[in-house]
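These notes are about the structure you will find just below.
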Amino acid sequence: MTLCFLAVSSNAQTRYDLFISTLTSDSLDATYFIPSTAPPPSGYPGILFVHGFGGSKNDDTANGRVYSASGYITLCYSVRGHGLSSGGSTIMATRERGDQVEVVNFMRTIPGIDTNSIGISGGSQGGLHGLWAMADRLPVKAVSSDVIVPEWATDMLMNGSVRRTAVLLMKSTRVSYAPVRDTLWDYIRSDQYDNLLAAFTAGRDVDTAALNSATVPSLRFLKWQDHYFSAADGIAAFLNYGGPKKMYLGTSGHFSDQVESERLYTYDQVTRWLSYHLKGIDNGIMDEPVFTFAESSLPMDSAGYFIWTRTGLDAWPPPGVQPYRFYLSADSTLTYSAPSAPSVSLFLENIHADSSYTFDTGYIEGFRGPSFESALPRRVLSFESEPLPWDVEWIGSPRMELHVSSPSEKFPLHAQIYEIDTGGTKYFVNRINYTARNWPGGDGVVTADGLAHAHRFTVGSRIRLELTNIDVTNRIDLGSYPFVLPMF
């Protein structure tokens with residue numbers, strides 16, 4: 001059932017504003033556009049735009065107008081708990097997934113639409129809706145999903161650590177929440193990681209078996225520096241997807257480098273993907289490489305962004321990629337071979353120096369500033385390579401294997417990778433996060449994978465590795481905030 005509020009005509013299309021009623025008696029604020037041109041014999045193709053978390057339909061109405069002017073019926077709506085829609089957000093879980101079924105069913109009733117040519121496009125929360133549509137076998141003909149991975153909830157809690165962006169999902173002032181948010185937040189603030197992992201992943205990760213057996217043409221974008229979702233899980237799922245597919249791996253999204261050429265490239269890919277699959281226009285996109293990846297490199301601009309270079313490939317990983325190993329030496333060097341001297345222990349501590357300074361206080365202060373730094377001092381062990389004799393291209397996920405001795409059941413151990421240029425300036429490249437949760441005490445080996453990335457280290461530069469208890473960096477964009485929540 002829908003209640004229409006307003007219909008406005010322009011030279012290019014007519015806009016309709018309404019609410020879509022759901023089976024849970026909620027109302028989803030929606031807008032759709034119908035072109036002013038005569039429809040094709042089978043009707044207009046349609047595009048459903050879904051916004052990111054904390055946004056609303058207003059984020060997509062401009063896209064709705066532009067694509068409608070080129071011959072699509074377009075619909076955008078505010079996900080429950082967002083904008084003017086009622087209901088509470090369950091943070092991208094089964095309730096939102098069920099709402100999408102009803103929205104797609106409504107869209108199929110719009111007069112003049114070709115029910116066999118409907119696509120979905122969105123990023124982050126909106127991109128997840130596209131993956132849901134494929135896994136749920138909704139009647140859609142093409143999907144474009146940006147900055148999202150199928151097992152996104154598990155990914156945010158990778159290696160025992162809780163990404164700070166998980167807090168952003170649970171404490172947004174632009175979202176009305178269902179009661180489940182309070183339960184999840186209590187698990188975080190009281191450091192009940194196991195309960196958080198079980199509750200947060202249930203009903204949020206996409207079943208990759210159901211997803212990968214779909215055949216809907218799927219265009220996916222992943223960003224190496226994404227502060228929410230790391231690329232590795234998305235790459236693995238994409239490799240096993242059986243339908244028509246294309247993937248971009250690069251930048252521009254979720255606090256990654258903002259590069260206009262990459263933004264324009266991805267926008268062009270979406271437009272051509274939908275045009276080919278929904279309108280049947282042969283624009284050559286299916287003849288282009290399956291994979292396109294962009295890698296970062298120096299120099300960095302005044303905004304703190306690297307140069308990005310794009311390459312097309314038909315297979316992943318790129319040819320010639322091989323494991324590259326560094327060893328940590330007691331003299332603070334990174335070496336290419338195992339040190340011959342006897343092993344020496346280095347000490348890295350995590351001290352909660354002021355017990356009156358609590359997690360709640362840290363959250364209010366953003367886990368930074370003089371009080372936080374005094375209560376939970378940051379410690380660093382640094383290691384640096386010799387100048388590189390040639391360019392070194394890094395593509396993939398770093399892994400650390402460290403022999404550790406600790407009497408504590410819980411402890412943080414994070415690795416940060418930097419490039420040091422010939423002038424001695426340090427540039428943050430990537431990270432590995434690890435938080436021990438059930439360490440048995442005594443000696444053991446910590447093995448942890450980090451975030452996938454593609455970066456070219458320049459000849460003459462040095463590679464620097466820093467081990468730390470608190471993962472903050474010198475990156476301009478959000479570098480001063482801990483990437484994962486500190487351990488008190």
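All heavy atoms count here, side chains included; hydrogens, waters and symmetry mates do not. Counting from 1, the numbers follow the sequence of the chain as shown.
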field: Residue pair V270, S121: steps toward the side chain to side chain contact (heavy atoms under 4.5 Å, CB included) verdict
entry: CA-CA 8 Å; V270 173; S121 181; 3.9 Å; yes
field: R475/D257 salt bridge by N-O under 4.0 Å criterion
entry: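 Answer for the salt bridge query: yes.
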Return yes if some donor-acceptor pair links the side-chain N/O of [X] with the main-chain N/O of [Y] below 3.5 Å, else return no.
| X | Y | value |
| --- | --- | --- |
| S252 | V259 | yes |
| N105 | V101 | yes |
| S85 | D29 | yes |

message: If the test is ring-ring contact (aromatic ring centres under 6.0 Å, His included), which one of Y363, Y177, F200 qualifies with W185?
response: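 Answer to the ring-ring contact (aromatic ring centres under 6.0 Å, His included) test with W185 among Y363, Y177, F200: Y363.
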- prompt: Out of I113, V50, I47, L48, which residue meets the side chain to side chain contact (heavy atoms under 4.5 Å, CB included) rule with L75?
  reply: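 With L75 as partner, I113, V50, I47, L48 yield a single side chain to side chain contact (heavy atoms under 4.5 Å, CB included), made by L48.
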task: Check R80, R204, H82 against E96 for a side chain to side chain contact (heavy atoms under 4.5 Å, CB included) and give me the one that passes.
output: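 Among the candidates, only R80 passes.
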- request: Could you give me the CA-CA distance, side-chain angles and deciding distance for R378 and N469, then say whether side chain to side chain contact (heavy atoms under 4.5 Å, CB included) is met?
  value: CA-CA 6 Å; R378 183 172 184 257; N469 61 319; 3.9 Å; yes
About how many Å separate [atom2] of [Y] and [atom1] of [X], when rounded to the nearest 0.5 Å?
| X | Y | atom1 | atom2 | value |
| --- | --- | --- | --- | --- |
| M170 | I188 | CE | CD1 | 3.5 Å |
| D314 | E288 | CG | CD | 10.5 Å |
| L184 | L196 | CG | CG | 6.5 Å |
| D146 | T266 | CG | OG1 | 6.5 Å |
| I73 | I34 | CD1 | CD1 | 4.5 Å |
| R310 | F293 | CZ | CZ | 12.0 Å |

Under 3.5 Å, is there a donor-acceptor pair between the [X] and [Y] side chains?
| X | Y | value |
| --- | --- | --- |
| T358 | D360 | no |
| D17 | T31 | yes |
| D155 | S230 | yes |
| S176 | R181 | no |
| Y305 | S296 | no |
| T154 | D205 | yes |

query: Can you name the residues that form a ring-ring contact (aromatic ring centres under 6.0 Å, His included) with Y32, not counting sequence neighbours?
result: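 With neighbours one apart ignored, the set is Y16.
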- prompt: Taking the six-membered ring for Trp, are the ring centroids of F306 and W224 within less than 6.0 Å of each other?
  reply: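 Distance test on ring centres: not under 6.0 Å, no.
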May I have the list of side-chain donor-acceptor pairs in residues 364-371 shorter than 3.5 Å, sequence neighbours left out?
| unit_1 | atom_1 | unit_2 | atom_2 | d |
| --- | --- | --- | --- | --- |
| E365 | OE1 | Y357 | OH | 2.6 |
| R368 | NH1 | S480 | OG | 2.5 |
| R368 | NH2 | Y481 | OH | 2.7 |

task: Anything under 30° is parallel, anything over 60° is perpendicular, the rest tilted; go ahead and classify W308 against H453.
output: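 If you compare the ring of W308 with that of H453, the planes turn out perpendicular.
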task: Would you please test R437 and D191 for salt bridge (charged side-chain N to carboxylate O under 4.0 Å, His left out) and show each step?
output: CA-CA 10 Å; R437 292 290 174 180; D191 197 31; 2.6 Å; yes
- request: Run the numbers on W394 and N430 for side chain to side chain contact (heavy atoms under 4.5 Å, CB included), then give the verdict.
  value: CA-CA 11 Å; W394 168 17; N430 204 11; 3.2 Å; yes
query: Checking side-chain hydrogen bond (donor to acceptor under 3.5 Å, both in side chains) for the pair Y67/T271: CA distance, chi angles, key distance, verdict?
result: CA-CA 9 Å; Y67 279 86; T271 300; 2.8 Å; yes
message: Between W152 and Q125, does the side chain to side chain contact (heavy atoms under 4.5 Å, CB included) criterion hold? Intermediate values first, please.
response: CA-CA 10 Å; W152 66 272; Q125 176 179 245; over 6 Å; no
- prompt: ring pair (Phe, Tyr, Trp, His ring centres under 6.0 Å): which pairs involve residues 235-263, sequence neighbours left out?
  reply: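 For residues 235-263: H227-F255, Y228-H254, F229-H254, F238-F291, Y248-Y265.
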query: Regarding K410 and the six-membered ring of F488, is the cationic atom NZ or CZ under 6.0 Å from the ring centre and inside 45° of its axis?
result: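 No - K410 does not lie over the ring of F488 by the 6.0 Å and 45° rule.
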- request: Go through D114 and K279 one step at a time and tell me if the salt bridge (charged side-chain N to carboxylate O under 4.0 Å, His left out) criterion holds.
  value: CA-CA 10 Å; D114 181 353; K279 289 186 173 182; over 6 Å; no
